[in-house]
Number of protein chains: 2
Amino acid sequence: MKNIRIKDIAAKAKVSAGTVDRVLHDRGNVSEKVKERILKIIEEMNYEPNLMARALGTKKEYHFVALIGDPRYDAYWLDPKAGIQKAAKEARQYGVKVTLCMFNPYDATSFVKKAEEASKLNPDGILLAPMFYREVLPFFEAWKKQEIPFVLFNTQIAEFDPLSYIGQDSYQSGQVAGKLIHYGQPQGSSILIAHIDEEISNSAHLTKKEQGLRNYFIQNNLDHQYEIIKAELNLRNYAMFVEQLDSIFESNPQLQFCFVTTSKAFEIAKYFEQKFINHIRIVGYDLIPQNLHYLNKGAISFLINQNPLGQGYWGINQLVSHLVFKKEISAIKFLPLDIVTKENLNYYIEDSMLYNRF
Amino acid sequence: MKNIRIKDIAAKAKVSAGTVDRVLHDRGNVSEKVKERILKIIEEMNYEPNLMARALGTKKEYHFVALIGDPRYDAYWLDPKAGIQKAAKEARQYGVKVTLCMFNPYDATSFVKKAEEASKLNPDGILLAPMFYREVLPFFEAWKKQEIPFVLFNTQIAEFDPLSYIGQDSYQSGQVAGKLIHYGQPQGSSILIAHIDEEISNSAHLTKKEQGLRNYFIQNNLDHQYEIIKAELNLRNYAMFVEQLDSIFESNPQLQFCFVTTSKAFEIAKYFEQKFINHIRIVGYDLIPQNLHYLNKGAISFLINQNPLGQGYWGINQLVSHLVFKKEISAIKFLPLDIVTKENLNYYIEDSMLYNRF
DNA sequence: AAACACATTGTGTCCGCACACATTTTTTAT
DNA sequence: ATAAAAAATGTGTGCGGACACAATGTGTTT
């Protein structure tokens with residue numbers, strides 16, 4: 001049994017293909033009676049359009065904008081960028097163009113400026129990492145009014161229903177970190193939670209990671225065995241950063257673990273290296289080169305992979321699926337919480353990430 | 001600038017589209033001179049065929065056979081089967097049909113019988129899990145003679161170059177297990193390697209996993225701190241299975257870890273449950289329901305995910321990519337060594353993570 | 001009843017490619 | 001030199017869908 005075509009439906013309904021087409025696209029100019037008959041037949045025959053034929057016939061062009069951090073300020077953004085570009089390349093032959101608007105991830109003003117640029121381009125869809133909560137809200141409203149669908153990634157924001165959110169369950173990643181620490185030291189331990197280099201008030205996901213970790217111990221009735229110390233650190237002033245760490249580790253000699261909620265675990269590793277500290281284990285996020293360096297040296301025990309490349313890729317992919325192929329897409333797409341260590345690292349880098357999962 | 005079409009190349013080369021087409025498909029009947037000219041232009045203009053138009057235009061039907069284990073004998077095979085079926089469904093509209101041939105994974109004769117069935121169907125391609133090394137070799141030869149391309153998955157066999165191999169690096173997964181054990185007990189420990197329910201002589205991957213584990217400790221100069229005990233166990237006779245375990249744990253009271261190289265970690269967990277043993281940590285393979293039960297209870301610490309669903313999916317996908325879309329495909333596709341624990345489990349089983357492709 | 005507006009339905013072409021078939025050019029045989 | 005065979009090249013159609021446009025049909029106005 002072959003696939004049902006518009007022709008087949010037209011034949012069964014004793015109308016022409018054009019009429020069926022009008023019904024399919026709800027373009028009107030079809031009598032109620034015929035419309036219902038056709039609709040019923042479509043239902044019965046379980047018609048599914050041939051997406052390739054559809055894409056082939058249409059010459060509509062789609063223009064998407066990706067609003068992401070600029071890798072020149074933070075190398076983390078190399079991966080999302082690469083993922084976006086890969087998706088853009090694949091979608092090019094379907095008439096999709098993607099413009100990158102890259103902001104300074106440390107500067108809200110820059111974000112606003114680039115978001116304005118993005119708006120001015122009047123794209124058919126937007127993919128963005130809404131790093132600055134306060135600043136992004138007015139844009140959400142504007143895009144909604146203009147009916148420009150947008151997909152969020154990297155940072156979850158519940159409000160203002162986007163077309164889709166791609167990212168990780170930050171809370172759950174904190175739980176994973178809890179497990180790794182607990183498994184590494186079942187008798188109990190002293191843990192430093194370090195939020196490095198991101199404004200915590202504007203970054204809900206950092207708090208979620210922290211909560212996930214804390215709740216792991218509470219839920220498992222281990223909270224009296226594990227002491228948790230929290231620190232917000234900033235690298236703008238490196239001397240001060242070191243000073244703060246000095247003070248923390250001097251006053252807490254019993255510390256055995258360090259959980260870094262941002263991609264800056266390597267900074268802690270570097271500090272340990274300089275101070276000849278090697279008894280404190282580090283769990284962090286993101287497979288950026290500096291982190292990998294210390295992962296391979298054994299200074300970092302585990303990294304939780306947020307698959308930034310995949311996030312960028314699937315972000316564009318969602319836009320394409322929805323707008324070009326008019327497929328149903330899921331409103332939220334959690335990527336797996338990959339536990340990465342020196343031994344399985346190879347399979348998480350490169351663009352193998354795109355193929356190896358669905 | 002739009003995509004280059006055959007027409008564009010034809011115009012530049014001052015020939016007709018038909019001639020370009022002949023060159024593209026190497027169908028001959030083109031003079032050397034013209035062929036080279038066209039080839040050069042194709043190169044220059046960086047032509048990439050429109051795959052949708054290609055798939056649309058051809059009415060050729062493809063018939064693939066998937067030769068896998070029957071889930072009725074071992075629930076492990078549910079996942080590969082599901083992955084294959086998902087890929088088959090997606091590929092259906094390109095004229096692809098997939099027939100499943102499922103053998104009893106504990107019975108080489110059954111494998112041979114089903115492999116013969118598969119051959120008789122004279123398919124355009126075969127995806128198979130070559131579980132029985134000796135028995136599968138003659139089929140490889142036959143298929144090669146018949147020019148039926150085949151893709152291997154699940155079990156790696158180096159010889160008889162298949163179109164592609166999909167699976168895990170078994171050796172490296174042993175290394176991961178080593179890391180998990182070392183991290184959990186840095187001072188050294190006593191480890192049981194359990195090969196359960198598979199004939200080790202016919203399953204090279206079990207040995208590779210073992211080697212990976214052993215070498216982890218050797219490479220890190222820890223081999224004098226970690227004592228490794230090896231056991232080959234069989235579940236045909238459960239009483240004997242228990243007896244063997246009894247004897248092992250009685251004579252090795254210092255055991256702290258158990259590394260199960262097959263998907264039968266839950267059998268060890270069950271045994272521990274019955275014997276009220278809870279100080280020995282288990283690392284195993286495969287997210288099958290029984291394993292997940294004990295993972296959630298905490299009896300199993302980690303499972304290494306072989307992503308069997310993905311293996312099935314990508315196996316069919318490779319055949320489709322190669323034969324239907326005539327894409328270049330990689331000869332080997334290692335899937336990541338996912339470290340799965342209770343806390344990140346959800347993201348490896350939900351099929352909401354089955355990303356849509358376009 | 002003719003003229004017209006408007007609602008409804010049908011027809012044809014294009015999208016890019018593959019392949020069958022038609023046509024032209026070149027080579028070979030007589 | 002000419003016919004026949006072979007090689008090289010060109011042309012046309014269909015795949016399934018989208019959409020512009022053409023062609024009906026229906027009802028209203030004068």
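Convention: sequence-line order gives letters A, B, ...; per-chain numbering from 1. Since this is a predicted model, take the numbers as computed values, not measurements.
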Chemist: Report the distance from atom CZ of A:Arg5 to atom P of D:dC15, rounded to the nearest whole Å.
Modeler: 7 Å

Chemist: Looking at A:Asp124 and A:Lys97, is there a salt bridge between them, counting it only when a charged N and a carboxylate O are closer than 4.0 Å?
Modeler: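 No, no charged N to carboxylate O under 4.0 Å.
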
Chemist: Calculate the interatomic distance between A:Ile9 atom CD1 and D:dA18 atom P; express it in whole Å.
Modeler: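 So the two atoms are 11 Å apart, to the nearest Å.
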
Chemist: Counting only side-chain nitrogens and oxygens, does A:Ser31 get under 4.0 Å of the OP1 or OP2 atom of C:dT9?
Modeler: yes

Chemist: Indicate whether OP1 or OP2 belonging to C:dG10 is found under 4.0 Å from a side-chain N or O atom of A:Ser16.
Modeler: yes

Chemist: Where the side chain of A:Thr19 is concerned, which of D:dG17, D:dG10, C:dG10 is the nearest nucleotide?
Modeler: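 Nearest listed nucleotide: C:dG10.
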
Chemist: In this structure, how many angstroms lie between the C1' atom of D:dT24 and the NZ atom of A:Lys14, rounded?
Modeler: 20 Å

Chemist: Quick one: is C:dC19 close enough that its OP1 or OP2 comes under 4.0 Å of any side-chain N or O from B:Arg27?
Modeler: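 Yes, B:Arg27 has a side-chain N/O under 4.0 Å of OP1/OP2 on C:dC19.
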
Chemist: In whole Å, what is the span from the CG atom of A:Asp21 to the C1' atom of C:dT13?
Modeler: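 So the two atoms are 14 Å apart, to the nearest Å.
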
Chemist: Could you go through the salt bridge (Lys or Arg N to Asp or Glu O under 4.0 Å) check for B:Lys145 and B:Glu141 one step at a time?
Modeler: CA-CA 6 Å; B:Lys145 213 163 276 170; B:Glu141 297 210 50; 5.5 Å; no

Chemist: Specify the separation, in whole Å, of atom CG of B:Asn29 and atom P of C:dT26.
Modeler: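 Taking atom P of C:dT26 as the reference, CG of B:Asn29 is at 16 Å.
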
Chemist: Determine the contact category for B:Leu56: base if any of its heavy atoms lies under 4.0 Å from a base atom, sugar-phosphate if only primed atoms, P, OP1 or OP2 are that close, otherwise nothing.
Modeler: base

Chemist: Using whole Å, what does the distance between atom P of nucleotide C:dG10 and atom CD1 of A:Ile6 come to?
Modeler: 14 Å

Chemist: Reading DNA chain D from 5' onward, which residue's closest nucleotide shows up sooner: B:Glu32 or B:Gly57?
Modeler: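 The residue closer to the strand's 5' end, by nearest nucleotide, is B:Glu32.
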
Chemist: Measure from NZ or CZ of B:Lys144 to the centre of the six-membered ring of B:Phe140 and say whether it is under 6.0 Å with the direction within 45° of the ring axis.
Modeler: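 Judged by the rule, B:Lys144 and B:Phe140 form no cation-pi pair.
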
Chemist: Would you say B:His25 reaches C:dC19's phosphate, i.e. side-chain N/O to OP1/OP2 under 4.0 Å?
Modeler: no

Chemist: Where the side chain of A:Arg54 is defined as all heavy atoms beyond and including C-beta, which of C:dT9, D:dA18, D:dG16 is the nearest nucleotide?
Modeler: D:dA18

Chemist: Is A:Lys114 paired with A:Glu117 through a side-chain N to carboxylate O contact shorter than 4.0 Å?
Modeler: yes

Chemist: Looking at B:Leu163, B:Leu127, B:Leu128, which hits side-chain contact (heavy atoms from CB on, under 4.5 Å) with B:Phe150?
Modeler: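 Exactly one option meets the side-chain contact (heavy atoms from CB on, under 4.5 Å) with B:Phe150, and it is B:Leu128.
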
Chemist: Taking only side-chain N and O atoms of B:Tyr47, does any of them lie within less than 4.0 angstrom of OP1 or OP2 on C:dC17?
Modeler: yes

Chemist: Grab the CG-P distance between A:Asn50 and C:dG16 for me, whole Å please.
Modeler: 16 Å

Chemist: For A:Lys60 and D:dA18, give me the distance from atom NZ to atom P, rounded to whole Å.
Modeler: 14 Å

